[in-house]
Engineer: 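After the C-alpha cells below, expect a handful of questions from me.
Just so we're on the same page: letters track the sequence lines, and every chain starts at 1.
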Amino acid sequence: MSEKQENATPGSSLEAARREKLRRIAELGHDPWGQRFDHHQAIADIIARAGEIVYRTEDGQEITPPAVGDSRDEQGAYLLADGQGTFREWLAKQPKGEFAGPKVRAAGRIMLQRPTGKLIFINIRDWTGQIQLFIGKNQVGEDNWALAQCFDLGDLIGVDGELRRTKTGELTIFAEKLYFHAKAIDPPPEKHHGLTDPELRQRMRYLDLAYTEGVLERFLARTRIVQSIRKTLADAGFVEIEGPTLHTIAGGAAARPFITHHNALDMQLYLRIALELHLKRLLVGGIERVYELGRVYRNEGISPRHNPEFTMLEVYQAYGDYRTMMDLTEQLVVNAIDATGSPTRMLPWGDKTIDFTPPFARRTYYELFEEHTGVDPHDADAVKAYAEKLGLETAGKHPDVIRNEVFEEKVEDQLEGPVFVLDYPAGICPLTKRKQSDPTIAERFELFVQGMELANAYTELNDPDLQEELFRTQLAGLKEEDSMARMDHDFVKALRQGMPPAGGLGIGIDRLVMLLTNSPSIREVILFPLLREKSS
RNA sequence: GAGGCUGUAGCUCAGUCGGCAGAGCAACGGACUUUUAAUCCGUAGGUCCUGGGUUCGAGUCCCAGCAGCCUCACCA
C-alpha cells in the first residue's frame, strides 16, 4: 500500500486522508480492521431501553423524565410526547441533578459527525436503527479522544457507554470507551441525499443499502415476506423441496431459456424456466403437499417488471383443486402483509391504495372479456374482427390464442385488483385439467393486481394420455418456444404411474414484494439485478 | 430491437447565446463541551461518459459509440 501512495493523483486525496487516519489508528494501538466484539446490543433494543433513564437530583430524588416525541423545535429541542412544551423547558424546571441510564454497548456505521471543539456528536447506524453518540474529551479520556480524531463518515465503530438524554431530550449514548471496527477507505455518498443515481444504486448495492433511505428496510421486508410464506405453508402441512435448476427440457412455462452445456456428459442443458414439472413428479411419488421457492431464469427482455432471473413459488396440494389454491393464495398474501408489520391491509401503491382485504374479487375470464371489449368471447369471428381492429396479427392463429391476445391487450392492464380471473380457455392451458361440465374451459385462475399478474394456478392435469396429446398438438400460430406445451416424455411417463388430482399455484415473489413494499420497479426488490458489464 | 431522456469534483446537482469549470455536502487547516444535514473563517479538489467533426474558440452544436432510466416491442 505504500507504493500506491506515490502515484496518488489529486483526485485520490480523499483516500489519502483516510489512509493517513488508518495509519494513526494502528499507531494508537488499535487494529484498524477490528476484532470480535461480543455482547453488543442492537440499536433498536438500546432505544427500547429509554424508559430506564432517570433524572437524579442532588438530594437523591429520582424523577422519571417525560415521554419525548419525534419532532424538534427550531432550537433542536425535542417536543414532549404530550405536546406540553419541549424537553429543554421541562429540564429547566427541575432541581439540579443529572441523568442516569443503563450501560450499553453498540456497534455501527458513522452516518453523521458533528464535532464542536472538545466534543463530538456522532450518529451511528446498524441494521436495526440509528442512535446518537456523545463523545466528550474530558469524559472519554485522552486515548479514546485520540481515536475519535481518526473517525471518518462511513467508518464502523463500537462504543461502550451510558444511555441518557441530552438536554434537548435526544436519546444518546454517552461514550466511555470507543472501539474501531473497519475503515471506509472510499468516502461515502452525500450525507443528506444518499445515492440517487439508479445505475450506481444497482452496481454498488452495498452503498445503496448503507446510505439510501429505506433500502435496507425494503430488503429486510422482502426477507420477512419470504419467511412468512414458508411459515404459512409449513403450518398448512407443506414440505419444501429443492428441484434441479439444470433441465434437459425447459418446460412448465412459455419462455426462452438460457442454454448451457455439461462438459462431462456432453449435453445441452437449460436453466429452468419454471418449477412445475418436477414438483408434479413428486406428487406422483407421494409428497402430497409440496412446494419450492426458488430462482427461475428466462432469457427475455428486461423491464421494470421483468428481470432475467427471478424468484418463483410453486405449491402443489394433492386432492385439492384451483379453488383450494385461491384460498391458499389469499392466506399467503394476507400473512405476508402482516409479516411486513403493516397494521392495515390497505397498502399504498404510488398515489393509489390497494385493498388486500380478503376475499379478493372473483371474475371469470369470459365475463371480463365481454365487459372490457363489448365483444361476445364465444363468437370467434367477432373476436377475430375485433383483434384485427386492434392491429393484432390473426392469420393462422387458433381462436383461443387470438382471444387471449385481445384479453392481454384490452383487459389485463385494466385489472386493478386484487382480482382472481378464472376459467381460462382450455386451448391456452396445456397443463390444466378441463372443467367436467365444459371441456373447452380450463380450471385455472390468475391473480391480477394493478395490471400485474401476481399468481397463476390450476387444477392440475393428471391424465397422461391427454397430457401427451396436448404436448403433441402444438397450437396453431404458436412457435414451440412460445408455448408451454413442450413435449416432456419423462414427465408423461411419471403421470402414467398415477398423479393424484391436485391444485397447483405459482406466485411471482418479486412482484409480490413490489406490491407489498410500494416499489414500482422489480429492480428495487432484487438485490443485484442484471446489468450490462461496465468497462473500466 | 425502436424511440425519448440522462451522463459535469468522491456524492447531490447548476452551467444562460459557443467565450477562463461552478455550488452544497464530503476532504484539509483554524475556532467552538449539549450538537441536530451543527455553525463560522480559510484551503485544496475536474478524462465535463468515450471517440470523431464543425468553429478563432465546444461542457454547450453535429455524428458515432458506451452506460443508465422511461415508453414501446418481446415476455402470461
Engineer: Closer to the 5' end of RNA chain B via nearest nucleotide, is it A/Leu119 or A/Glu409?
Structural biologist: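 On the 5' side of the pair lies A/Leu119.
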
Engineer: Taking N or O atoms only and anything under 3.5 Å, show me the protein contacts with nucleotides 28-30 of chain B, one pair per line.
Structural biologist:
unit_1	atom_1	unit_2	atom_2	d
B/C28	OP1	A/Lys21	NZ	2.6

Engineer: Between A/Glu27 and A/Arg24, does any NZ, NE, NH1 or NH2 come within less than 4.0 Å of an OD or OE carboxylate oxygen?
Structural biologist: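 Looking at A/Arg24 and A/Glu27, the cut-off is not met.
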
Engineer: Taking the six-membered ring for Trp, are the ring centroids of A/Phe420 and A/Phe360 within less than 6.0 Å of each other?
Structural biologist: yes

Engineer: With ring centroids as reference points, do A/Phe258 and A/Tyr270 lie under 6.0 angstrom apart?
Structural biologist: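 No, they do not, as the ring centres are separated by 6.0 Å or more.
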
Engineer: Are A/Lys435 and A/Asp423 within salt-bridge range, i.e. N to O under 4.0 Å?
Structural biologist: yes

Engineer: Please tabulate the protein-to-nucleotide N/O contacts below 3.5 Å involving nucleotides 12-14 of chain B, giving atom names and distances.
Structural biologist:
unit_1	atom_1	unit_2	atom_2	d
B/U12	OP1	A/Thr196	N	3.2
B/U12	OP1	A/Asp197	N	3.1
B/U12	O3'	A/Thr196	OG1	2.9
B/C13	OP1	A/Thr196	OG1	3.2
B/C13	OP2	A/Thr196	OG1	3.4

Engineer: With a 4.0 Å cut-off, would you call A/Glu371 and A/Arg363 a salt bridge?
Structural biologist: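 Yes, this pair counts.
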
Engineer: Using a cut-off of 4.0 Å on non-hydrogen atoms, how would the nucleic acid contact of A/Arg305 be classed: base, sugar-phosphate, or nothing?
Structural biologist: nothing

Engineer: Taking the C1' atom in each of B/G15 and B/G7, what is the distance between them to the nearest angstrom?
Structural biologist: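 About 15 Å, rounded to a whole number of Å.
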
Engineer: For the aromatic rings, using the six-membered ring if either is Trp, is the centroid distance between A/Tyr291 and A/Tyr316 under 6.0 Å?
Structural biologist: no

Engineer: In whole angstrom, give the distance that lies between atom CD of A/Glu408 and atom C1' of B/C74.
Structural biologist: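 About 12 Å, once rounded to whole Å.
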
Engineer: Detail all sub-3.5 Å separations between protein N/O atoms and N/O atoms belonging to nucleotides 38-43 of chain B.
Structural biologist:
unit_1	atom_1	unit_2	atom_2	d
B/A38	OP1	A/Lys191	NZ	2.6
B/A38	OP2	A/Arg114	NH1	2.8
B/A38	N7	A/Pro115	O	3.1
B/A38	N6	A/Pro115	O	3.1

Engineer: From the set B/C69, B/U36, B/A37, return the single nucleotide nearest to any side-chain atom of A/Pro198.
Structural biologist: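 For the A/Pro198 side chain, the nearest candidate turns out to be B/C69.
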
Engineer: Could you check whether A/Arg511 gets within reach of a base, just the sugar-phosphate, or nothing at all, counting any heavy atom under 4.0 Å?
Structural biologist: nothing

Engineer: Taking the ring of A/Phe87 and the ring of A/Tyr78, is the distance between their centroids below 6.0 Å?
Structural biologist: no

Engineer: Do A/Glu460 and A/Lys280 pass the salt bridge (Lys or Arg N to Asp or Glu O under 4.0 Å) test, and can you show the C-alpha distance, the side-chain angles, and the key distance before you say yes or no?
Structural biologist: CA-CA 9 Å; A/Glu460 301 297 337; A/Lys280 287 190 190 168; 2.7 Å; yes

Engineer: Below 3.5 Å, can you tabulate the donor-acceptor pairs from side chains in residues 518-525 of chain A to any protein atom, sequence neighbours excluded?
Structural biologist:
unit_1	atom_1	unit_2	atom_2	d
A/Asn518	OD1	A/Gly350	N	2.8
A/Ser519	OG	A/Arg218	NE	3.3
A/Ser519	OG	A/Thr517	O	3.3
A/Ser519	OG	A/Thr517	OG1	2.8
A/Ser521	OG	A/Arg523	N	3.1
A/Glu524	OE1	A/Arg201	NH2	2.9
A/Glu524	OE1	A/Arg218	NH1	2.8
A/Glu524	OE2	A/Arg201	NH1	3.0

Engineer: Under 4.0 Å between a side-chain nitrogen and a carboxylate oxygen: does that hold for A/Glu15 and A/Arg18?
Structural biologist: no

Engineer: Donor-acceptor pairs under 3.5 Å, side chain of residues 148-157 of chain A to any protein atom, not counting sequence neighbours: which ones?
Structural biologist:
unit_1	atom_1	unit_2	atom_2	d
A/Gln149	NE2	A/Trp145	O	3.3
A/Asp152	OD1	A/Lys21	NZ	2.5
A/Asp152	OD2	A/Lys183	NZ	2.9
A/Asp155	OD1	A/Ala184	N	3.0
A/Asp155	OD2	A/Asp152	N	2.8
A/Asp155	OD2	A/Lys183	NZ	2.6

Engineer: Picking from B/U35, B/C74, B/A67, which would you name as closest to the side chain of A/Glu170?
Structural biologist: B/U35

Engineer: For nucleotides 4-7 of chain B, which of its nitrogen or oxygen atoms have a protein nitrogen or oxygen under 3.5 Å away, and what is each distance?
Structural biologist:
none

